[in-house]
Amino acid sequence: MKQGRKRAIAVVVLLAFLTVAYVANRMGFWDGGAVRTAAAHSGPIAISSDGQFVYTSNVDVDTVSIVDAKSRTKAAEIPVGKEPRNLALSPDERYLYATDMYDNRVDIIDLRKKKLLRSIPVGIEPFGIVTSADGSKLFVANFRSNTVSVIDVRRNRIIKEIQVYDNPRAMAITAGGEKLYVTHFLDGVISVIDTKELQVRKQIKLHESPEPANHDQKVSQGKPGTVEGITIDPSGKTAWVTHNLANTDTPIQFESSIFPAISVIDTVNDEELTGQRKELFKAINIRDANNKTQIVSNPIDVSFLPGGEKAFVLFSGSEDLMVFDMRRGGNAVQLVRRVPGDNPRGMVMSPDGSTLYVHNAMSHDLAVLQTGGIDPYSQSSMEKDTVRLVDNDPLPELVRYGKKLFFSANSEKWPATVTGNNWMSCVSCHAGGYADNNVWITPKGLRRTPSNAALAAGGLMMWDGSRDDMGDYILTVQAEMGGMMTLDPGKPLSAEVQKMFDALDAFLKYDRQIPVPRSPYKNSDGTMTALATDGREAFNKAGCMTCHAGPAYTDSNLALDAYGKLNISNTAFLHDAGTANPTDKESAGDLRGEMKNVRKQGEFDTPSLLGVYARAPYFHDGSAKTLEEVLQKPGVHHDQAQQLTEEERKALIEFLKELD
C-alpha cells in the first residue's frame, strides 16, 4: 500500500515537473536542455546549426528577417524595436534574441511562430549580445551605460549589471562558456569577464603600432580604436579583433591617418599576440596588376572555415572581403572586390564551410560567397545576385543615399569619389556618426573630431564656424579624404555632386539617424536627478547661457544675415574662450566661402552641450579631458564658473552630464 502511494506521488511529481517544463518552454524561459559546443560572437547576422536558415537584423528598418538559405528567399520579416543591432540564437534554436539600440531592450522572437514573444528592458543603447553555452543566460553590452546586463532567461529578468570600461560593443564567448570577451569601441580595450563569478577578470589593452624607423607616415601605424568585432577561431586558442589605427601625430591626410588592422588575442593567457597583428602593407597586402597594394578600409567582422584553415575578413568601408590562409603564414591570399550591395557589416559561415552569407546594412540584402573550401589555392567567388531582406525601406530616398555615402569608402561607386583609393569613409573618424576621441593635426591647428549629434539644431559648422552649407565639406573630402580632387571648390558643384552633399545633409539631420545619446546619469525614468536640477541654477549663475543658449545650448544658430540665413561672415557669435594654443593659425578664408570667412586666432564657434558627457576630450584641441577640467580652464568665458562654490560646481557638472 505504501509502495503504491509512493508510486502515485512520484507520478504526480513527474507530471508536475513535465507540466512546468512544458509551460516554461511555451513561455520562453527554458531552452530545452540544448548546449552549444562552439564559441559564439555577436553580430547583425546568425545562422542555424544545419545551415538551413539565416537571420538578419535590419538596422534602421526595425525588423528581423529569416532567409531560407537553400532557396535564397526571404521566409519571414518580423517587426521588432527601434534600431535592432545584434542577434543571438538560443542553443536549441527555438528563440532569436535581438538588441534594440534605441528602445533600450532585448526582443525575444519565437522562431516557430515567427513573431515577437516579449521584450526585456536593459541599459542604454544595447549592442552586442550572446547566450551562455546552455542558453540559461543572456549577456548584453550596453554601449552608453558602460555595463553588461546578465539576464536569467528562465526568470526573464536581469540578475546582475556588470560595470565595465567605456562603450562596450561587440562580444564573444568561449566554447565552454567560461569566459566572455567584450570590446570597447573607442579606446582599443577588451574586457575579459568570468561568467561564473560574473565579474571582470582582466582588461586587455591593444598595443599601439609604432612609427617605422624611417619615419614613413604612409606605413601602417597608430593607436587602436573603433573596435568593431571579435571572433574566436575554431581551435579556441585565439580571437581576431577588427579595428582601425589612428595616426594622430602627423597632419591628417587620407594615406597617413587611418589604417585597417586585425589584432590577435591569445585566449589562453588573455594577452595580445603583437607579432600576429594583420596590418596594411604587411599581412594585409594583396597587390594589383601594377604591383601596388590594394587598399581596404573599416574592417568589421571575421569568419573562419570550420577547421580554421582560412579566415575571411569583411571591410565595411571599401566593401571588400579578404581571405587569409593559416597554412600560408596567416597572410592575406585573396581580395574579393567588391561585395554586391551597400555597407556590409556582418557574415556567417555555412556548417560545411562552402558558403559565406554577408549582410549589407544599407541596401538591406544578403550577398553570398562561395568560399572555395580548404584547398589553399582555391579561389573564393561572389554570387552576382543578392537576397532582398525587407519589403519596405522607411527612409526617404535622399536620406538613404546620404547614409550610404557617409559609411562608404568605395572609390568606384559614386558620381564623384568620396575618398582616394578606398582609404577612409566619413565614419572612419566620426565613429558611428559621433566622435572618435581623437585630436588631429590640421592646417588650422589641433582639432578634435566633432560629433554630428544635434546637427539640425545647431548653426555654423567646424570649430571656427567657417562653414554654413554641407557642400562646403568638399574641402574636407579633398584635403583629408583624398576624394573629388578634380573639382574646383570655388566653382558651383555639378548637379550630381551637389546631390551627394544634399543627401549627406539630409541624412545627418534626419530623425533618429544620429540622435543625441541618452545620458546614463539621469534617473531611470529619464528625469534629471536632484543634483542636476540644482546644477541648472549654477549654470545660470555662472552665465553659461550667454553662449550656450537655446534648446541646443549654443548661440551658433544666431549667426544670421539680414535675411535670417546662416552667414559665415557674421562673427558676432564666435568667442575666445581662452583655449587658443600656439598651434592655432589664423585663416584668410577659403574658396567655398569666397574668402569672406576670415578667422582670427581664438575665434571659435560655440559647441552644443547636448550629450556633452559623451564628447570627451573637450575644447577644439582636446585640452580638457573631463568636464571638471573645462570649468578649471582659465578663460574669458569660463572664469565665472570658477567663482562657484565647490557644491555648485559639482551640481553644474552633474547638470551638464545629464543634458540630452
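Just so we're clear, the structure is a prediction, and the values are computed from it rather than from any experiment.
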| query | Under 6.0 Å from the six-membered ring centre of Phe127 and within 45° of its axis: does the NZ or CZ of Arg85 meet both? | reply | no
| Honestly, is Arg105 close enough over Tyr97, meaning NZ or CZ under 6.0 Å from the six-membered ring centre and within 45° of the axis? | no
| query | Going by heavy atoms in the side chains, are Val296 and Ile286 under 4.5 Å from each other? | reply | no
| message | Can you tell whether the side chains of Glu383 and Arg72 come within less than 4.0 Å, N to carboxylate O? | response | yes
| query | Looking at Arg512 and Asp62, does any basic side-chain N land under 4.0 Å from a carboxylate oxygen? | reply | yes
Look only at the side chain of [X] and the backbone of [Y], and say whether a donor-acceptor pair between them is shorter than 3.5 Å.
X      : Y      : answer
Asn360 : Pro340 : yes
Gln203 : Ser191 : no
Asp266 : Val268 : yes
Ser42  : Gly128 : no
Ser428 : Ser425 : yes

| task | Would you check, one step at a time, whether the test side-chain hydrogen bond (donor to acceptor under 3.5 Å, both in side chains) holds for Asn438 with Lys223? | result | CA-CA 10 Å; Asn438 288 321; Lys223 57 182 181 179; 3.3 Å; yes
| task | With Phe259 as reference, evaluate Glu279, Gln221, Lys218 under the side chain to side chain contact (heavy atoms under 4.5 Å, CB included) test and give the passing residue. | result | Gln221
